[in-house]
2 protein chains.
Amino acid sequence: MSSCDLCVVRNRAICAALDSKELEALNAIGRTRNITSGESLIWEGEDSVLVANVIEGVLKLSTNTEDGREQIVGVVYPSDFIGRPFGGKSGHGVTALTDAKVCVFSRRDFDAFSREHPKLEHKLLERTLGELDRTRRWMLLLGRKSASEKMASFLIEMSERLTGSGCKVDADKPNQRHLVLPFSRQQIADVLGLTIETVSRQFTRLKNEGVIDLPSRRDVTILDYQALVAEAG
Amino acid sequence: MSSCDLCVVRNRAICAALDSKELEALNAIGRTRNITSGESLIWEGEDSVLVANVIEGVLKLSTNTEDGREQIVGVVYPSDFIGRPFGGKSGHGVTALTDAKVCVFSRRDFDAFSREHPKLEHKLLERTLGELDRTRRWMLLLGRKSASEKMASFLIEMSERLTGSGCKVDADKPNQRHLVLPFSRQQIADVLGLTIETVSRQFTRLKNEGVIDLPSRRDVTILDYQALVAEAG
DNA sequence: CGAAATGTTGACCAAGTTCAATAAGCGTGG
DNA sequence: CCACGCTTATTGAACTTGGTCAACATTTCG
């Protein structure tokens, strides 16, 4: 029995395409690794040397301009795939936003394995197509939305993606939900293409308007989900 | 002999993964279609009913906010793949920017075919991964770059992507090149997340600074490529 | 040739950034 | 446990970039 059988993302990650024998072979070339919050797994511009599956935690994908401005270009959650298979350089760094656990593979090993397992490649293709869709949707936000629309869209996206891990919905109050953000204010700004000050001002505005509550820095209670949807543009 | 043997993108599109027998089978489920400039092939939000390869021409992928703001989220050139295989809705419209020729497949037929041809799926995966990289790089531009940086980045990207079709480099003058844009000013604005006026002002500024020349609306002569690189951020 | 579409330019305005001061959390060590 | 210092977040005021609105120019096409 391979350790994959115990893996919590076994049925959601791309590994779900494999039977237990194949999984054992995959297990042989991978290993789990713990990453502490703030630690990087991959650096922007380096040759793609490893790929991984996220088992636990949240990580950001980010690029920087030469003069240090940052843009977060993706956020990955448990069962998501990380890295750039099939050559090339990594276009973005990968850094843990929370303590995380990942299942890493050398890129060369993974490439070889996946070429021999079309079902795995198929899963990876579906995942990549989905990620491309999501990324393109985010471009509309970056290119065309105002700060308030960005903020509302962000909170909606968070409440959707964190369902299960960082987001609770109370059955009595369907228009209300609570989330624990894996982001600092600066990181939210880097996701939305804004400054930290603008993010802060938007938070206080939404709070004053009674749309959200802010019990602590990382906690957001959405009091009026519909209002956010209306504001997201 | 299938008509694919005569196809100009035969060796660059995902079809390059197939031998002539397989190609014949693919040919049997596809057909070529001409599209005139401005015509749409796919609409945002519709169920994904067809996929295609671009044979000739340039097409845009775009999304809109409810109130009509547009963001171009991708631009495709000959040999590029269009559409969303494996279910789901199309997240963006696909519209020809020039007269174009594409090789279209019903999405269902294509899905079935590609599942039986891992080499094709592999090519599609490589292409999708590349497109995701490119898209993420564009997010840095949308989220963090100034109008002048966006404009310089745009001209550089165009001169790279149009090499062969719309861009000529004179061997004597390596710092200079000429391009024929497939975009109107409005479309450039929609790519860069700017207004048409800002794009226009940036063009005249670059012209006044002697970095480019503008022989006509659609023609740009880059006089100082290095200056653009320096300005792109 | 004239009308319609596309692009340019200018004056003004506003959203969001910048800079600076203040406040609130957070962790470490006494 | 609390005090101190450091980091992170909030708030305010001035400023800047790019957007808006409007007039005008140019190109395109019937």
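In what follows, every chain begins at residue 1, and chains take the letters A, B, ... in the order their sequences are listed.
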Identify the 5'-most and 3'-most nucleotides of DNA chain D with at least one atom closer than 4.0 Å to a non-hydrogen atom of chain B. D/dG18 to D/dT27
Nearest-0.5 Å distance, CD1 of residue B/Ile212 to NE2 of residue B/His178: 11.5 Å
Can you list, by residue number, the residues of residues 139-149 of chain A that have a non-hydrogen atom closer than 4.0 angstrom to DNA chain C? A/Ser146, A/Ala147
Less than 3.5 Å apart, any donor N or O on the side chain of B/Ser62 or B/His92 sitting next to an acceptor on the other? no
Quick one: which residue pairs count as a side chain to side chain donor-acceptor pair (under 3.5 Å) with a foot in residues 143-155 of chain A, not counting sequence neighbours? A/Arg144-B/Asp190, A/Lys145-A/Ser153, A/Ser146-A/Ser148, A/Ser146-A/Glu149, A/Glu149-B/Arg69
Identify which one of B/Leu206, B/Asp213, B/Val211, B/Leu179 satisfies the side-chain contact (heavy atoms from CB on, under 4.5 Å) criterion when paired with B/Ile222. B/Leu179
What pairs with A/Asp133 under salt bridge (charged side-chain N to carboxylate O under 4.0 Å, His left out), at least two apart in sequence or on another chain? B/Arg84
Any pair with a residue in residues 39-55 of chain A that passes salt bridge (Lys or Arg N to Asp or Glu O under 4.0 Å), sequence neighbours left out, goes on the list, sorted by first then second residue, please. A/Arg33-A/Glu39, A/Asp47-A/Lys89
Tell me the ring pair (Phe, Tyr, Trp, His ring centres under 6.0 Å) pairs involving residues 34-74 of chain A, sequence neighbours left out? none
By salt bridge (charged side-chain N to carboxylate O under 4.0 Å, His left out), B/Glu70 pairs with (sequence neighbours left out) B/Lys60
Do the ring centers of A/Phe81 and A/Phe110 come within less than 6.0 Å of each other? yes
Pairs meeting criterion salt bridge (Lys or Arg N to Asp or Glu O under 4.0 Å) with involvement of residues 214-231 of chain A, two or more places apart: A/Arg205-A/Glu231
Residues of residues 191-213 of chain B with a heavy atom under 4.0 Å from any atom of DNA chain D, listed by number, are B/Gly193, B/Leu194, B/Thr195, B/Glu197, B/Thr198, B/Arg201
Provide the full list of ring pair (Phe, Tyr, Trp, His ring centres under 6.0 Å) pairs with a residue in residues 185-233 of chain B, sequence neighbours left out, each pair given once. none
Listing time: all N or O pairs from protein to nucleotides 23-28 of chain C that are below 3.5 Å?
residue : atom : partner  : partner atom : Å
C/dA24  : N3   : A/Arg217 : NH2          : 3.2

Indicate yes or no: does B/Glu157 engage B/Arg161 in a salt bridge with an N to O separation below 4.0 Å. yes
DNA chain C-proximal residues of residues 60-72 of chain A, any heavy atom under 4.0 Å: none
For B/Arg218 and C/dG7, give me the distance from atom CZ to atom P, rounded to whole Å. 7 Å
Is B/Arg201 salt-bridged to B/Glu197, going by a charged N under 4.0 Å from an acidic O? no
Are A/Phe154 and A/Phe183 close enough that their ring centers fall under 6.0 Å? yes
Could you please spell out the steps behind the salt bridge (Lys or Arg N to Asp or Glu O under 4.0 Å) verdict for B/Arg136 and B/Glu131? CA-CA 9 Å; B/Arg136 283 176 169 154; B/Glu131 193 58 32; over 6 Å; no
